[in-house]
There are 2 protein chains.
Amino acid sequence: MEERDRLEAYLRDRGLKMTVARETVLRAFLGLERHVSAEELYDEARRLDPSIGQATVFRTIKLLADAGLAREACRDDGARQYEHAWKHGHHDHLMCVRCGAVVEFQDDAIERAQEAVYSAHGYVPGGHRLELLGLCPACAGTGGGKGSA
Amino acid sequence: MEERDRLEAYLRDRGLKMTVARETVLRAFLGLERHVSAEELYDEARRLDPSIGQATVFRTIKLLADAGLAREACRDDGARQYEHAWKHGHHDHLMCVRCGAVVEFQDDAIERAQEAVYSAHGYVPGGHRLELLGLCPACAGTGGGKGSA
DNA sequence: CTTTCTGCAAAGTGTTTGCAAAAAC
DNA sequence: GTTTTTGCAAACACTTTGCAGAAAG
């Protein structure tokens, strides 16, 4: 498991230890497909090991983010979210505001246009966050004209 | 004050009342230039009227957002932020990760590329959030190579 | 006068921290 | 054996809510 190796290398590098709990959280994280809140991750980790503590999950997900395995994202309702970052390349999100469906996409034209913006302002690129909101085909078809739930 | 009119219209429309406290929060919000957390807004409102309550500020900023005067944005560290939305048109943010400098920009190429993404996936556009992170010219010049403070 | 609003303080989230026992090295 | 880690529970930051008195319409 490449991700495990990555985590172990990261830990060893900093004089930290590879523990069962950390491996459990990693497995829980890898098992969940996308955008997980820390609490969802906690639930999943508990399924793998009911004795795991909440604090451990919070501490470990930060570690994963630091090790480059998880990427942090912020959600409107306050809860932080994490998504896979290892070998997942960069992508942005297209989200349906009605049903919550999420499409991950990668668009060269957007990336290039962003580079141009950086240049125009003399900034050195250092990552970005893009979320496109709208209605998915299904919701747009079923009378999505009104924004109400 | 156009914003005040807008708020009053919004309130009247929903059978709500235009109160001193609400006007205070509005003035505080307009007085602060950009990205404000609710707590900063609370501080500012208190400066205008020391007797104002925290809950009122929280309640009112939501009202402002709903009335189209403020726009909600999420920040990595959990605290929600608000920025001016009235007559501010759409814009995105270019932010220096080192000194926090923020440039608001609007780029047609990006907007057009986004439209294309919506079309490609059959989504109906409904707003987006874009944040470009990097180093501003000043920070890039002063040895910005290392991300440390 | 009736309805909405306010400030307070208490409750509610989601997240972090202190600690002694336990695990990793 | 020494150091880091763990789970628990309490603390913490930010936001919301219940309520009786006050203000707006």
Side-chain angles (χ1 to χ4, degrees), chain A residues 4-5 7-29 35-67 70 72-82, chain B residues 4-5 7-29 35-67 70 72-82:
Chain A
R4 216 202 94 113
D5 292 345
L7 178 59
E8 203 156 10
Y10 170 83
L11 293 174
R12 181 165 318 228
D13 218 51
R14 304 193 22 170
L16 304 178
K17 296 169 179 178
M18 184 59 169
T19 66
V20 241
R22 280 172 183 166
E23 199 170 338
T24 300
V25 173
L26 176 62
R27 279 199 295 132
F29 178 61
H35 315 109
V36 228
S37 69
E39 275 198 279
E40 289 171 312
L41 190 60
Y42 176 40
D43 285 347
E44 180 66 14
R46 255 167 128 181
R47 212 160 298 140
L48 301 179
D49 171 5
S51 74
I52 204 166
Q54 194 183 21
T56 302
V57 174
F58 274 91
R59 285 187 277 232
T60 306
I61 185 63
K62 295 236 150 123
L63 230 49
L64 295 185
D66 232 43
E72 223 177 45
C74 56
R75 212 171 47 180
D76 285 345
D77 37 320
R80 239 166 291 175
Q81 289 207 307
Y82 298 89
Chain B
R4 215 201 95 113
D5 293 344
L7 178 58
E8 202 155 12
Y10 169 83
L11 294 173
R12 181 166 317 228
D13 219 52
R14 304 193 21 169
L16 304 178
K17 296 170 179 178
M18 185 59 170
T19 67
V20 240
R22 280 171 183 168
E23 199 169 338
T24 300
V25 175
L26 176 62
R27 280 198 297 131
F29 178 61
H35 315 111
V36 229
S37 70
E39 275 197 278
E40 290 171 311
L41 190 59
Y42 176 41
D43 286 346
E44 180 66 16
R46 255 166 129 181
R47 211 161 298 139
L48 301 179
D49 172 6
S51 75
I52 204 166
Q54 193 184 22
T56 303
V57 174
F58 274 91
R59 286 186 277 232
T60 306
I61 185 64
K62 294 239 150 120
L63 230 48
L64 295 185
D66 232 43
E72 223 175 46
C74 56
R75 212 172 47 180
D76 284 346
D77 37 318
R80 239 166 290 177
Q81 289 207 304
Y82 297 89

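Every chain is numbered from 1 and lettered A, B, ... according to where its sequence line falls, protein lines coming before strand lines.
- A distance of 11.0 Å separates OG1 of B/Thr24 from CD of B/Glu44, quoted to the nearest 0.5 Å.
- When the P atom of C/dC5 is taken as reference, atom CD1 of B/Ile61 falls 16 Å away, rounded to whole Å.
- Taking atom CZ on B/Arg80 and atom P on C/dT15, their separation rounds to 12 Å, with Å as the unit.
- Note on B/Ser51: only backbone sugar-phosphate atoms sit closer than 4.0 angstrom, heavy atoms only; bases stay farther off.
- Taking a cutoff of 4.0 Å between a charged side-chain nitrogen and a carboxylate oxygen, A/Arg4 and A/Glu8 qualify as a salt bridge.
- Ranking D/dT15, D/dG25, D/dA9 by closeness to the B/Ala38 side chain, first place goes to D/dT15.
- Rounded to whole angstrom, the span from the CG atom of B/Leu63 across to the C1' atom of D/dA24 amounts to 15 Å.
- The separation between A/Phe58 atom CZ and C/dG18 atom P is 17 Å, rounded to whole Å.
- Counting atom types as modelled, B/Arg12 pairs no side-chain N or O with a base atom of D/dG25 as donor and acceptor under 3.5 Å.
- Between the OH atom of A/Tyr42 and the P atom of C/dT13 there is a distance of 16 Å, rounded to whole Å.
- Rounded to whole Å, atom C1' of C/dA23 lies 14 Å from atom CD1 of A/Ile52.
- A/Arg22 has a side-chain polar atom (N or O) that falls below the 4.0 Å cut-off from OP1 or OP2 of D/dT6.
- Using a 4.0 Å heavy-atom cutoff across all strands shown, B/Glu39 reaches sugar-phosphate atoms only and no base atom.
- Atoms CD (B/Glu8) and P (D/dA24) sit 12 Å apart, rounded to a whole Å.
- Proximity of A/Thr19 to the phosphate of C/dA24: no side-chain N or O atom is located under 4.0 Å from OP1 or OP2.
- Nucleotide D/dT4 holds its P atom 7 Å from the NZ atom of A/Lys17, rounded to whole Å.
- Among the atoms of the strands shown, base atoms are found under 4.0 Å from some heavy atom of B/Arg59.
- With distances taken from any side-chain atom of B/Val20 to the nucleotides D/dA24, D/dT15, D/dT6, the minimum falls on D/dA24.
- Across all strands shown, A/Ala21 has heavy atoms under 4.0 Å from sugar-phosphate atoms exclusively, and none from any base.
- The residue among A/Gln81 and B/Thr60 whose nearest nucleotide of DNA chain C lies closer to the 5′ end is B/Thr60.
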